[in-house]
Number of protein chains: 2
Amino acid sequence: MNIGEIARRSGVARSTVSYALSGKRPVAEETRRRIQAVIDELGYQPNATAKALKEGRTRTLGLVIPPASRRLTDLQLGFVASVVDAAARADLDVLLSPSGGEHDRSFERVVSGRRVDGVILMEIRLEDDRVARLRRSRLPFVGIGHTSRPDEMSWVDVDYETLISGCVHHLADLGHRRIALVNRSAELVAAGYGPAHRAQAGFTRAAAERGVEGVEVCCADDARAGQSCVERLLADDPGLTAIATINEAAMPGMFRAIERAGLAVPGDFSITGVAARLWAESLHPPLTAADMPADELGAHAVEMLIQRIAEPATPHRHLLVAPPISLRGTTGPARPRKPGDQV
Amino acid sequence: MNIGEIARRSGVARSTVSYALSGKRPVAEETRRRIQAVIDELGYQPNATAKALKEGRTRTLGLVIPPASRRLTDLQLGFVASVVDAAARADLDVLLSPSGGEHDRSFERVVSGRRVDGVILMEIRLEDDRVARLRRSRLPFVGIGHTSRPDEMSWVDVDYETLISGCVHHLADLGHRRIALVNRSAELVAAGYGPAHRAQAGFTRAAAERGVEGVEVCCADDARAGQSCVERLLADDPGLTAIATINEAAMPGMFRAIERAGLAVPGDFSITGVAARLWAESLHPPLTAADMPADELGAHAVEMLIQRIAEPATPHRHLLVAPPISLRGTTGPARPRKPGDQV
DNA sequence: TTGTAGGCGTTATCAA
DNA sequence: TTGATAACGCCTACAA
């Protein structure tokens, strides 16, 4: 079913059908009705591919996500959902590309086949080949996250540095003198994953500012790792009374280790960090944390990308979001751990 | 940069460039090299939109997901990831459409604009308008889930009925005489959500078969709801010693309620159900459960869809997956609850 | 108010 | 071995 068939059956030219649909030039009411009747009868819908070829744009955004093998975190999923949602609101479709690893062909198709009008890139490393590739392609793109050269691209990001720094300050205010940062996995840190590095930076800075002793550990992104990691921390360091973390996935295990050590939260031990709001509230006790604004970030990324598509020459824009820390139930005044508390 | 430009610069016809790239007809080695040199120099990539128009297919699959407003469960996310992954392996791209609610335009674009070669539909209701719409469109599609008329479409699904029935049998074998089914939310049940209904059916059947007393409750998909739901169950029914559930999201709260009631798992109380493997293992104690094979289902759905696209006239295929129950740490022999155990 | 014709970038048929 | 040309389905400038 195509526009020619509709034209033939309504006894008009193809262009008349096109104009009747787009309204870009007046069509006699009588003609319009006749055309509409045929369209309704045959259930005609214009072919999006042909329209895209003609117009030179696809009304589709590419979303480059981490490959499925590495399980997406709650937060990353929040981004995907919010991007798709924001795009749908703007009547744009979203083409998903699991990049990295074995699926470079998928990335390459999206970037170089003109299948999309622009790209949103997730999980950006401090040094990231995909950013270089996209810059060469001249395809408009926006990062959720950024590289070590922030000015080379447009991005939205979470200000982990400020957030973790805020956590340390909050804990210091409560009298904690020895605080641990439980970071993301050692692999991610080694790979130059920005959030992990910036969390480190904020932690170190704030600890220095407050004269607090800080311990940094990396931890894989799962509950089991969180548990063994905190067990080790508690055993090694009897003076430790609080943890700040950006590792949401490991947190259930961390709670378990604390509980196993006979420590009450927040009576004996405080824990805080960065997490999705719903998730933080579902914990027990609910987590004092900076609530990650996934919706907001995704929506902003889409909006920024739409603008770049419209005016590619525009200077790059950056948005660093640092939501306030929501006080809930997991932080309290420091209290020295009794010897018996240790594992 | 288009094929004409490459042809001009290499001093050959457009068709020769096309054939040099596709290999569909022999091209003199010398010519081929000259063309390749120009292509490399200019970084030419064929325009996927033009190719799609010419070939009549887009090499893209549509994936219809629940809208972002309703948070996706771990399992649903597993489907998305595995579908995207399987599609990438077949060199197919995936177009995401958050359907239902406010985004019907997105669904309509995907279905009727010939933007995709086929569709995978998630979260199917027993009566589902989208299935009817897709059938009318004659676009090949495969469901993850199915309607009340299984034969009208191709699908893959989880056999919740068999799984929950298996859970009940397992609990009955352990001597439990009063068992509760914690189902998904009342809204979903009312909306005719298949898995919820089939879980009900399997529960009722197995309870009858074993002469066990079964209690059914609906529960919203979050930890808080799980907690209050189980608190009520324990208070109302002192004889209750075990729970089977398909509500993964509510489970942390359910554990909390059991623990608060002073009951040990699995010593005093057993709990089992259906959940993602990684998730089940991360619980404490690890959950005895049927491990949801999200990867497998997604991959099968893609494979089935590819086959339907190739041969649309083929009879519908169905795949019902019932993974075995993995014995872990949350089920044990029934033991009468002592009066003091109750809340 | 409507029709004709050309072109978006490809691929495939027919000729040479 | 290669070139010219039509066609995929749509939009739009130009002509009537």
Side-chain angles (χ1 to χ4, degrees), chain A residues 1-36 38-39 42-60 93 109-117 137-139, chain B residues 1-36 38-39 42-60 91 93 109 111-117 137-139:
Chain A
M1 191 47 42
N2 60 39
I3 202 172
E5 183 66 14
I6 302 297
R8 212 176 50 67
R9 299 219 195 186
S10 345
V12 298
R14 297 206 310 274
S15 56
T16 304
V17 177
S18 177
Y19 285 121
L21 282 170
S22 71
K24 289 193 181 170
R25 94 179 177 188
V27 171
E29 182 54 24
E30 153 66 12
T31 315
R32 208 196 52 70
R33 254 204 304 272
R34 206 167 63 238
I35 293 172
Q36 191 58 52
V38 176
I39 286 179
L42 302 190
Y44 164 76
Q45 291 278 137
N47 179 313
T49 305
K51 185 180 292 196
L53 177 58
K54 172 65 186 176
E55 293 190 339
R57 62 166 177 166
T58 60
R59 295 177 188 280
T60 303
D93 291 316
R109 273 200 306 275
V110 166
V111 172
S112 59
R114 303 229 190 307
R115 286 177 81 10
V116 300
D117 298 333
S137 79
R138 316 207 133 281
L139 194 62
Chain B
M1 191 47 42
N2 60 34
I3 203 172
E5 182 67 13
I6 303 295
R8 215 176 47 69
R9 300 219 196 186
S10 343
V12 297
R14 296 204 309 275
S15 54
T16 303
V17 177
S18 177
Y19 286 119
L21 282 170
S22 71
K24 290 190 182 172
R25 94 179 177 189
V27 171
E29 183 54 25
E30 153 67 14
T31 316
R32 208 197 53 69
R33 254 203 304 274
R34 205 169 62 238
I35 293 172
Q36 191 58 52
V38 176
I39 286 178
L42 301 191
Y44 162 76
Q45 291 279 136
N47 180 313
T49 304
K51 186 180 288 197
L53 177 58
K54 176 64 186 167
E55 294 189 337
R57 61 165 178 168
T58 59
R59 294 176 189 280
T60 303
D91 281 327
D93 291 316
R109 273 200 306 273
V111 173
S112 59
R114 300 227 190 308
R115 287 175 82 15
V116 299
D117 297 334
S137 79
R138 315 208 131 280
L139 194 62

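A, B, ... follow the sequence lines: proteins, then strands. Residue 1 opens every chain.
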### Query
Checking only heavy atoms, does the side chain of B:Arg115 share a donor-acceptor pair with the base of D:dG9 at less than 3.5 Å?
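By the distance-only test, no, there is no pair.
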### Message
Any donor-acceptor pair, under 3.5 Å, between the side chain of A:Arg25 and the base of C:dT1, if you only look at N and O atoms?
### Response
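For A:Arg25, whose side chain was compared with the base of C:dT1, there is no donor-acceptor pair (under 3.5 Å).
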Any sub-3.5 Å donor-acceptor pair from [X]'s side-chain atoms to [Y]'s backbone N or O?
X        : Y        : value
A:Ser137 : A:Ser112 : no
A:Arg14  : A:Ala7   : no
B:Ser10  : B:Arg34  : no

### Query
Does B:Arg57 CZ have over 12 foreign heavy atoms under 6.0 Å away?
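No, CZ of B:Arg57 has 12 or fewer neighbouring heavy atoms, counting only those of other groups under 6.0 Å.
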### Query
Which nucleotide, D:dT2, C:dT1, D:dG3, lies nearest any side-chain atom of A:Thr31?
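Of D:dT2, C:dT1, D:dG3, C:dT1 is nearest to the side chain of A:Thr31.
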### Message
Run the side chain to side chain contact (heavy atoms under 4.5 Å, CB included) test on A:Val111 and B:Gln45 for me, step by step, so that the C-alpha distance in whole Å, both residues' side-chain angles and the decisive distance to 0.1 Å come before the verdict.
### Response
CA-CA 10 Å; A:Val111 172; B:Gln45 291 279 136; over 6 Å; no
### Test side chain to side chain contact (heavy atoms under 4.5 Å, CB included) applied to A:Val38 and A:Val17, step by step
CA-CA 10 Å; A:Val38 176; A:Val17 177; over 6 Å; no
### Task
Give one of base, sugar-phosphate or nothing for A:Thr49, where a contact means two heavy atoms less than 4.0 Å apart.
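Contact class for A:Thr49: none.
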### Message
Applying a 4.0 Å non-hydrogen cut-off, can you work out what A:Gly113 is touching in the nucleic acid: base, sugar-phosphate, or nothing?
### Response
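Here A:Gly113 touches no strand at all.
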### Message
Between B:Thr16 and D:dG3, is there a contact of a side-chain N or O with OP1 or OP2 at under 4.0 Å?
### Response
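So the side chain of B:Thr16 is within the cut-off, an N or O lying under 4.0 Å from OP1 or OP2 of D:dG3.
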#### Entry: Angle between terminal axes - the helix from C:dT1-D:dA16 to C:dA16-D:dT1, 5 pairs each end, rounded to 10°
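It comes to 50° between the two terminal axes.
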### Task
Could you walk me through whether B:Tyr44 and B:Leu21 pass side chain to side chain contact (heavy atoms under 4.5 Å, CB included), step by step?
CA-CA 11 Å; B:Tyr44 162 76; B:Leu21 282 170; 3.7 Å; yes
Give the rounded distance in Å between these two atoms: [atom1] of [X] and [atom2] of [N].
X       : N      : atom1 : atom2 : value
A:Arg8  : C:dG3  : CZ    : C1'   : 17 Å
B:Ile35 : D:dG3  : CD1   : C1'   : 12 Å
A:Arg59 : D:dC10 : CZ    : P     : 15 Å

### Query
Is any side-chain heavy atom of B:Val116 closer than 4.5 Å to a side-chain heavy atom of B:Leu139?
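Yes, close enough: below the 4.5 Å cut-off.
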At a cut-off of 3.5 Å, list every protein nitrogen or oxygen paired with a nitrogen or oxygen from nucleotides 9-12 of chain C, distance to 0.1 Å.
residue: C:dG9; atom: OP2; partner: B:Asn2; partner atom: ND2; Å: 3.4
residue: C:dT10; atom: OP1; partner: B:Tyr44; partner atom: OH; Å: 2.7
residue: C:dT10; atom: OP1; partner: B:Asn47; partner atom: N; Å: 3.0
residue: C:dT10; atom: OP2; partner: B:Ile3; partner atom: N; Å: 2.5
residue: C:dT10; atom: O5'; partner: B:Tyr44; partner atom: OH; Å: 3.4
residue: C:dT10; atom: O4; partner: B:Arg14; partner atom: NH2; Å: 3.2
residue: C:dT11; atom: OP2; partner: B:Ser18; partner atom: OG; Å: 2.9
residue: C:dT11; atom: O2; partner: B:Lys54; partner atom: NZ; Å: 3.3
residue: C:dA12; atom: OP1; partner: B:Lys24; partner atom: NZ; Å: 3.4
residue: C:dA12; atom: N7; partner: B:Tyr19; partner atom: OH; Å: 3.3

### Residue pair A:Glu29, A:Arg32: steps toward the side chain to side chain contact (heavy atoms under 4.5 Å, CB included) verdict
CA-CA 5 Å; A:Glu29 182 54 24; A:Arg32 208 196 52 70; 3.2 Å; yes
